[in-house]
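Both ligands and their constituent atoms are indexed starting at 1 by order of listing.
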Amino acid sequence: MRKTIIAGNWKMNMDLEGGRALADGIKMGTLGMDLAAELRVILCPPAVLLHDLCNRLSECSIKVGGQTLHNKPSGAFTGEISGPMLRSVGCHYVIVGHSERRTMFAESDIEVCLKANAALDARLSPIICVGETITEREEGRVKEVLSRQVRKALEGIFDFGITDCVIAYEPVWAIGTGNTATPEQAQEAHRLIRDLLASIYNAEIAERVSIIYGGSVTPQNARDLFAQPDIDGALVGGASLRADSFLAIINATRP
Ligand code: 13P
């Protein structure tokens, strides 16, 4: 009923040559895989590679997404990129509210909300990232933090918009650390998020939204994560920078 999504967040890695080689390797690998119709593979390279990779991947089912966007469609915002620009080069997705943007670039919950709405306005599906820090987890505040982040991010997004959104649960303590959340910890958080969606919208809509997990996903731990009922795929950082490991994670979605 809902899509399984494997998205690679390349972060600030890969020049033109390396990005082309990686995208080509992933494309070749998936062509031989006989992927399920409800599986969506997404690459989120640095902005300068988006146009080139959209063209390279236009003949296959892999989609391309930006890593962030500005909340306005155009204007005097030196260095920024807008939703309509991403859309015009062929993107279908954009990551919003990644913890690295929240902490290093001071993106607030309100900013994340504006960006998610800007993405939908530009006919892009926002991949909205939420997740607690280790301190928040140790203080027993996971529910409180996720509730705040999800509720704020989705303000102004109505029933018809939410089913175009993807939620990514990325516990900050699991990102780039090798400390993956256990399947049980991740499932608990995903269930919490789906219950929140049911209370904001309704149960039927909540069942249709893909909620993906991010944080040290590897070929070794992917299958156990994907076996959980509310984990609908992964947002992969480090392991998306090599075709073999990213393809192995894609393969782990298969029965
Ligand atoms: P890692 O897979 O490197 O932990 O990164 C996760 C992430 O931040 C994806 O957006």
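- Listed by number with element, the atoms of ligand 1 under 4.0 angstrom from any heavy atom of His98 are 7 (C), 8 (O), 9 (C), 10 (O).
- In this structure, Trp10 has no side chain to side chain donor-acceptor pair (under 3.5 Å) partners at least two apart in sequence or on a different chain.
- Close approach of ligand 1 to Leu235 (heavy-atom distance below 4.0 Å) involves ligand atoms 9 (C), 10 (O).
- Contact atoms of ligand 1 toward Lys11: 5 (O), 6 (C), 7 (C), 8 (O) (distance under 4.0 Å to a heavy atom of the residue).
- For Arg254, there are no salt bridge (charged side-chain N to carboxylate O under 4.0 Å, His left out) partners, not counting sequence neighbours.
- At least one heavy atom of Ser216 sits less than 4.0 Å from an atom of ligand 1.
- The backbone N or O of Ala186 sits nowhere less than 3.5 Å from a side-chain atom of Gln228 that would complete a donor-acceptor pair.
- At a 4.0 Å heavy-atom cut-off, ligand 1 touches Ala174 through the backbone alone.
- The closest approach between a heavy atom of Ala239 and any atom of ligand 1 is not below 4.0 Å.
- Backbone and side-chain nitrogen or oxygen atoms of Glu170 are examined, and one is located within less than 3.5 angstrom of a nitrogen or oxygen of ligand 1.
- A salt bridge links Arg137 with Glu132: the distance from a Lys NZ or Arg NE/NH1/NH2 to an Asp or Glu carboxylate oxygen falls below 4.0 Å.
- No side-chain donor-acceptor contact under 3.5 Å links Asp164 and Ser125.
- Across Gly238, Gly176, Gly237, Ala234, heavy-atom proximity to atom 4 (O) of ligand 1 is greatest for Gly176.
- Relative ring orientation between His190 and Tyr169 is described as perpendicular, the plane-to-plane angle rising above 60° on a 0-90° scale split at 30° and 60°.
- Heavy-atom distances between Ala7 and ligand 1 stay at or above 4.0 Å for every pair.
- Side-chain atoms of Glu139 do not come within 3.5 Å of backbone N or O of Glu136 as any donor-acceptor pair.
- Ion pair Asp52/Arg20 flagged as a salt bridge, since at least one NZ, NE, NH1 or NH2 atom sits closer than 4.0 Å to an Asp/Glu carboxylate oxygen.
- Only the side chain of Asn9 comes within 4.0 Å of ligand 1, judged by heavy-atom distances.
- Residue Gly215 approaches ligand 1 through these ligand atoms, each under 4.0 Å from one of its heavy atoms: 4 (O), 6 (C).
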